[in-house]
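Beneath this line is the structure, given in structure tokens, with notes to follow.
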Number of protein chains: 2
Amino acid sequence: MVSEPGRSPLKRERVREHLMELVEARAPGDPIPSERVLCEQLGVSRPTLRSAVDELVATGLLVREHGRGMFVARAKITQELAPDRDGHRLPQASGTWASRVLEFTTVRAGARVGRRLRISPAAEIAYIARLRLVDGEPMAIEYLHVPAVLVPGLRPADMEAGDFYELLRDRHGLRVREAVQSIEPTVTNEEEARLIGVPVLSPALLFERLTCDDTGRPVEYVHSVYRGDRYRIVSRLTLDVAPDPAGRPARGHHPGIPPGDLAGRGEVPAQMLGDVQPAP
Amino acid sequence: MVSEPGRSPLKRERVREHLMELVEARAPGDPIPSERVLCEQLGVSRPTLRSAVDELVATGLLVREHGRGMFVARAKITQELAPDRDGHRLPQASGTWASRVLEFTTVRAGARVGRRLRISPAAEIAYIARLRLVDGEPMAIEYLHVPAVLVPGLRPADMEAGDFYELLRDRHGLRVREAVQSIEPTVTNEEEARLIGVPVLSPALLFERLTCDDTGRPVEYVHSVYRGDRYRIVSRLTLDVAPDPAGRPARGHHPGIPPGDLAGRGEVPAQMLGDVQPAP
DNA sequence: AAGTGGTCTAGACCACCTG
DNA sequence: AGGTGGTCTAGACCACTTC
């Protein structure tokens, strides 16, 4: 059968719109019709239908459950941001954090990690992969790299209890002082998706952090992936547009706000958030 | 033809591994074989091959160009994080920011926005959609909502030049004081992808911000989507593990570091970064 | 057993780019 | 014209869940 050749801007998009109406007409947790039923109703093949569903799943509006069906997501990914009546109380961090060590080995640093930690690529490092859990639910996967000479006798159990930085101080005499951290959006690959329990290609936050001790020596390089459907960064910013219009400009004093929001320039304090990486 | 039923853990994953080897063996910008050639080499159908490619494109390792082919991405999505020899200089923000107004209308707030801005759903707001550009390249799409009574006479051109907060102060007598902002990872939908020039389902950062003036009255609600392949947040953190082991715990004094990195508890300062949204 | 989502195939047509 | 990626189809088999 040949479909009408008129301008039909992406069948997938049409299906997505229909799905979004279905979602909006239902309450969180409600089931929606099965893939095969929707295919027939909409007159599309299953891969096409599934492709549209993929998008809503990635956006966090729909969830699939294997032999059961598809359901309107319970936790809206964009939930209420701001203040509950009195004050400006921010959503509090909650839940109990725990760790489960997945891998604990000593390996050579290699070129990439060695460069970051400023040690020889042949130097040994403790490599730890651990799952971070909140109230027993996987929240993130974390890959730590620490020069082995700095943490003799480190055991896996050490990485499942307490504060790692306190351990560095109390047992190894290392005082962390400063860290440079980058945050960027990513999507989960197969391994990450499996470990933190989300679909492949789900939104996630990628953290990279290089931590130095009080002598400026790098002590840890951390690479971690946080699931995007349950983790967000919330910050309260104190703004201060220059009280004196003629005085020194107050630009660059708005940590956490993307620079373009504030001015036509790009000067941003390295101090906190809000930096741009120019494309090489 | 029936494929050997042995444990073949996802054909797609096998293809992805092969593709990653191809990428690593080439320099940025180099072409890789065409989809049909790869299908034959790997013995998979084209949808399967494309599904694997989709993942690498989303990750930022590959780029597709319509009638031309597939190429190793030029800009590595995870670029060098840390310090260039002397000091700890952070990558500086760079480039010239500009704005292009896409839509400028006055509409009723509606339930969602009205609630956020703490005004009647029937109250009018200025709704502005604008593209944010860096050196002429699209970087983000931004949706502003400002109560119309606060900004009489606001014109589209006002939103393309200068600092909006300074405009609020100088022309409308509003002094922004505080903002609550959330940052979460997301993926682009069709509209966002088209506007900022990335593939659908690319990683992106979703900002939401509610800004209040010095009387605590909300003056703007902003929702913006930043492309993930060219934008990242970089911060320098000054850490301070309690110098006195017996004193009050220094926990919660590490802004920007996910709480689980520090302790088994969940107490995190609302002050800055690093909050968890429990699933409702 | 029957229904669900998860994966994969083989082939088709289109739009775009390069000779 | 011939290659490339972009989209879609119709059908198959599997794994999981429910009855």
Side-chain angles (χ1 to χ4, degrees), chain A residues 1-16 18-19 22 30-58 61-73 188 190 193-194 197-202, chain B residues 1-16 18-19 22 30-58 62-73 190 193-194 197-202:
Chain A
M1 178 189 303
V2 175
S3 67
E4 191 180 352
R7 68 286 160 267
S8 98
L10 281 199
K11 193 166 270 192
R12 206 185 95 182
E13 199 158 352
R14 187 172 63 81
V15 174
R16 183 177 60 96
H18 182 88
L19 289 174
L22 284 185
D30 285 0
I32 67 171
S34 75
E35 295 185 349
R36 285 153 179 97
V37 168
L38 288 170
C39 288
E40 192 168 0
Q41 286 179 359
L42 299 174
V44 299
S45 70
R46 200 144 88 91
T48 302
L49 187 276
R50 281 182 61 80
S51 161
V53 170
D54 282 342
E55 186 172 332
L56 295 203
V57 169
L61 288 175
L62 276 182
V63 294
R64 290 197 257 231
E65 297 191 25
H66 200 142
R68 307 209 330 117
M70 301 188 293
F71 305 85
V72 178
T188 54
E190 263 88 3
R194 181 170 41 81
V198 298
V200 177
L201 293 185
S202 298
Chain B
M1 177 190 302
V2 176
S3 69
E4 189 179 354
R7 66 295 155 266
S8 97
L10 281 197
K11 193 167 271 193
R12 208 184 91 181
E13 199 157 353
R14 185 172 64 80
V15 174
R16 183 177 61 95
H18 182 88
L19 288 174
L22 284 185
D30 285 359
I32 67 170
S34 76
E35 295 185 349
R36 286 155 180 94
V37 168
L38 288 169
C39 287
E40 192 168 0
Q41 286 179 359
L42 299 174
V44 299
S45 70
R46 199 144 88 93
T48 303
L49 188 275
R50 280 182 61 81
S51 160
V53 170
D54 282 343
E55 186 172 333
L56 295 202
V57 169
L62 276 182
V63 294
R64 290 197 257 231
E65 297 190 25
H66 199 143
R68 308 210 326 120
M70 301 188 292
F71 306 84
V72 178
E190 263 88 2
R194 182 170 41 82
V198 298
V200 177
L201 294 185
S202 298

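The structure displayed is predicted, hence computed values, not measured ones. Letters A, B, ... are given to chains in the order of the sequence lines, protein chains preceding strands, and every chain is numbered from 1.
When every heavy atom of Ala52(B) is checked against every heavy atom of Arg16(B), the shortest pair comes out as CB-N, 4.1 Å. Summarising the geometry of Arg46(B) relative to Cys39(B), their closest heavy-atom pair is CA-SG, 3.4 Å, with the distance given to 0.1 Å. Looking at every heavy atom in both residues, Pro199(A) comes nearest to Val57(A) through CG-CG1, 3.8 Å.
Summarising the geometry, the separation between CD on Glu13(A) and P on dG6(D) is reported as 16 Å, rounded to the nearest angstrom. To the nearest angstrom, C1' of dT7(C) lies 15 Å from CD of Glu55(B). Taking atom CZ on Arg12(A) and atom C1' on dT9(D), their separation rounds to 16 Å, with Å as the unit. Going from atom CD of Glu35(A) over to atom C1' of dT7(C) covers 11 Å, rounded to whole Å. For the pair Leu201(B) CG and dT7(D) P, the interatomic distance rounds to 11 Å; values are reported in whole Å. If you take CZ of Arg36(A) and C1' of dC14(D), they are 11 Å apart, rounded to a whole angstrom. Glu40(B) places its CD atom 13 Å from the P atom of dG3(D), with the value rounded to the nearest Å. Distance Ile32(B) CD1 to dG3(D) P: 19 Å, rounded to the nearest Å.
In this view, Arg194(A) satisfies the salt bridge (charged side-chain N to carboxylate O under 4.0 Å, His left out) rule with no residue, not counting sequence neighbours.
Annotation for Glu40(B): atom CD does not count as buried by contact number, only 12 or fewer foreign heavy atoms lying within 6.0 Å.
Listed pair Arg64(B) / dG6(D) meets the phosphate criterion, a side-chain N or O lying under 4.0 Å from OP1 or OP2. A close approach under 4.0 Å does occur between a side-chain nitrogen or oxygen of Arg50(A) and OP1 or OP2 of dG6(C).
For the atom pair CG of Asp54(B) and CG of Asp54(A), the computed distance is 9.5 Å after rounding to the nearest 0.5 Å. Atoms CD1 and CZ, on Ile32(B) and Arg64(B) in that order, are 9.5 Å from each other to the nearest 0.5 Å.
No donor-acceptor pair closer than 3.5 Å links the side chain of Ser202(B) to the backbone N or O of Ala58(B).
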Protein-nucleotides 16-19 of chain D N/O pairs closer than 3.5 Å?
unit_1  : atom_1 : unit_2   : atom_2 : d
dT18(D) : OP1    : Arg68(A) : NH1    : 3.3

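Residues from residues 41-49 of chain B with heavy atoms under 4.0 angstrom of DNA chain D, sorted by number: Arg46(B).
Under the side chain to side chain contact (heavy atoms under 4.5 Å, CB included) rule, Leu42(B) has a single partner from Thr48(B), Val15(B), Val37(B), which is Val15(B).
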